[in-house]
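Chain naming here is simple, since letters A, B, ... match the order of the sequence lines and numbering starts at 1 in each.
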There are 2 protein chains.
Amino acid sequence: MNTKKRGRQTVRFATPPSIAGFGSTVGRMERAGPLGPCFDLAGEDDTFGQPSWEKAETAMQKQALTFALDRAGIQGEQLDYVFAGDLLNQCIATAYSLRDWSIPFFGLYGACSTMAEGLSLAAMVIDGGFAAYAAAMTSSHFCSAERQYRSPLEYGGQKPPTAQWTATGAGAVILAQGGPGPYITHATTGKVVDKGITDASNMGAAMAPAAYATLRAHFEETGRGPEFYDAIVTGDLGSLGKEIVLDFFRQDGVALPHYDDCGVLLFDPARQDVHAGGSGCGCSAVVLTGYLLGKMRRGECRHLLFCGTGALHSPTATMQGESIPGICHAVAIAAEKGDTP
Amino acid sequence: MNTKKRGRQTVRFATPPSIAGFGSTVGRMERAGPLGPCFDLAGEDDTFGQPSWEKAETAMQKQALTFALDRAGIQGEQLDYVFAGDLLNQCIATAYSLRDWSIPFFGLYGACSTMAEGLSLAAMVIDGGFAAYAAAMTSSHFCSAERQYRSPLEYGGQKPPTAQWTATGAGAVILAQGGPGPYITHATTGKVVDKGITDASNMGAAMAPAAYATLRAHFEETGRGPEFYDAIVTGDLGSLGKEIVLDFFRQDGVALPHYDDCGVLLFDPARQDVHAGGSGCGCSAVVLTGYLLGKMRRGECRHLLFCGTGALHSPTATMQGESIPGICHAVAIAAEKGDTP
């Protein structure tokens, strides 16, 4: 038993699930960024025709899932499970987006790691023989996050340079038992890591130790080195957190030649005032579904390690003086099936 | 493939995971209720030695998991995965309780359905060959829920008779590949069901249609009738939601002879002023871990259908005039392994 286990945190899928479809929906800022042309849909004014930012987030999720279903060539009713969540209190963007579909639903809360968490679980239920199709979905919205976590938009609060910019976007991925790939080959599940950072405007620093811990576990447990991957992408540490991860590995004498972060990739700091870069569940979700999976399908990337990072705190915890626990879930994605030692 | 699937929502486990351990921690009101003597630990003053209600909830979770590990005879480090979540914004009770353990962690948000959701997923990762041990854990606290969802305790807000009382309690269950049982044999995963109830003080009515839908799906897809079970227990619809479920089945001409609700079981309405009964993630979790699983171990219940029900709204959604989406996940638990058609 447990022949799929590779050490403490990693599993290797016996029959790697295939990515059958993916979809992305973003806001105005994301469209204006360097990846702008990649996304399936970009809104004109970030409302997506809805009367509130929260409802706009729900509308984005529905769009992203619709694109993913279209690409997979299936109906929502064919999905055995959807794993989804978001940043809003009680994950309402997700609950309301799934109200109009008839799909068995497992609700997740993994903060910005939600897409990687959902992909891990969707791959497990397929490889475990419980599902033919399973989806992972998440979203975030700059405006709904600002007013929930910080202050009303109208207040015009200033942020320190270490702060990140919550992406407006939703991404959905559909996995299938068989298909032309790319394939999810491994999942390395994170533990809660808290190194004592208490500054909620510096979440890159709070999450970087979790990213480092999961990457180290992945390399050790799979026997792969960083050079195995054409791309190792965390999401979303921003420019500061990215440097911290590189620093940690430098101290180990390990180079990460093909490493980047979704929060760095999504915006152009020279043209866009996003401080330390993008964040939010939607950030890594749309970089994966709008940019990275397209590269894999076009043969421009054979091995991707997608590492979702989440800060598991809340405004209440911060007000009580608590430090910020982080988590990172990694998913290895291969263009070809035979490619997985 | 998918030989484990039984219809749209139900899976049957090929090798039913065994419940290796379980633990429960409750507050003062729960100790004073009819199930008071069943729980592993009851706090003196609901603070559990902590300076805030949120931290008290974290402390309860740690206690419940410790009891479950002790009963299972394993260390935390032997758990391959923990599936956990709670009601607090960003599920902080859970993130902070797992900070001191070194366990791969999947965060869930299922509102009061969290224990059933966690059990479903824990059973899937074990039966799927990904884990030897996996845990499901959740909690709620009357005081942290009151101030987050309604008003500060000091305000002394009045509630209508349809409102429920958030239970103070945490429960944890550990599943293992093998063992003496009881065994998780089936999981029926819920879809989002919203029949338009907008009254956040009547969540029993909002969730009852989801409970009815999942129960119907379970009976149809397993071929079992209600009489197959010694106990069918929803959690937590309260007295009003329970009557609505009975009504729905009565309209179908189906009797539910052994049906009850965790929110009804936890408190004594004649002695305790809890309006329509208990609620909160902790309610069904402690009724399962403190009362029902003990009955199964003592041979007083052979077949249990445990149905977690969650209301997937938030104060923000309610303020925006939204109705309350509900969900219900059902888990079939059998005292003996051979017992599962």
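In this structure a side-chain-to-backbone donor-acceptor pair under 3.5 Å is present from B/K4 to A/G128. Under the 3.5 Å distance criterion, the side-chain polar atoms of A/R8 are matched with a main-chain donor or acceptor of B/S102.
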Query raised in the report: Could you go step by step and tell me if B/W101 and A/V192 meet the side chain to side chain contact (heavy atoms under 4.5 Å, CB included) rule?
Result: CA-CA 8 Å; B/W101 308 79; A/V192 178; over 6 Å; no

Query - B/F83 vs A/L121, side chain to side chain contact (heavy atoms under 4.5 Å, CB included): CA-CA, chis, key distance, verdict - result: CA-CA 11 Å; B/F83 293 88; A/L121 289 167; 3.7 Å; yes

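Ranked by heavy-atom pairs under 4.5 Å with chain A, the list B/E117, B/Q148, B/E54 is led by B/E117. Ranked by heavy-atom pairs under 4.5 Å with chain B, the list A/G85, A/G190, A/G110, A/A187 is led by A/G190.
Residues of residues 86-96 of chain B that come closer than 4.5 Å to chain A, counting heavy atoms only, are B/L87, B/L88, B/N89, B/Q90, B/C91, B/I92, B/A95, B/Y96, ordered by residue number. Proximity to chain B among residues 312-323 of chain A is limited to A/L312, A/H313, A/S314, A/P315, A/T316, A/A317, A/Q320, A/E322, A/S323, judged by heavy-atom separations below 4.5 angstrom.
Within 6.0 Å of atom CD in A/Q75, 12 or fewer heavy atoms from other residues, nucleotides or ligands are found, so the atom counts as exposed in its surroundings.
Taking the ring centre of B/Y81 as origin, the terminal cationic atom of A/K191 falls outside the region bounded by 6.0 Å and 45° from the ring axis.
Only the side chain of A/I327 comes within contact range of chain B, with heavy atoms under 4.5 Å apart.
The aromatic rings of B/H329 and A/F106 lie parallel to each other, their planes meeting at an angle below 30°, with 60° marking the opposite boundary.
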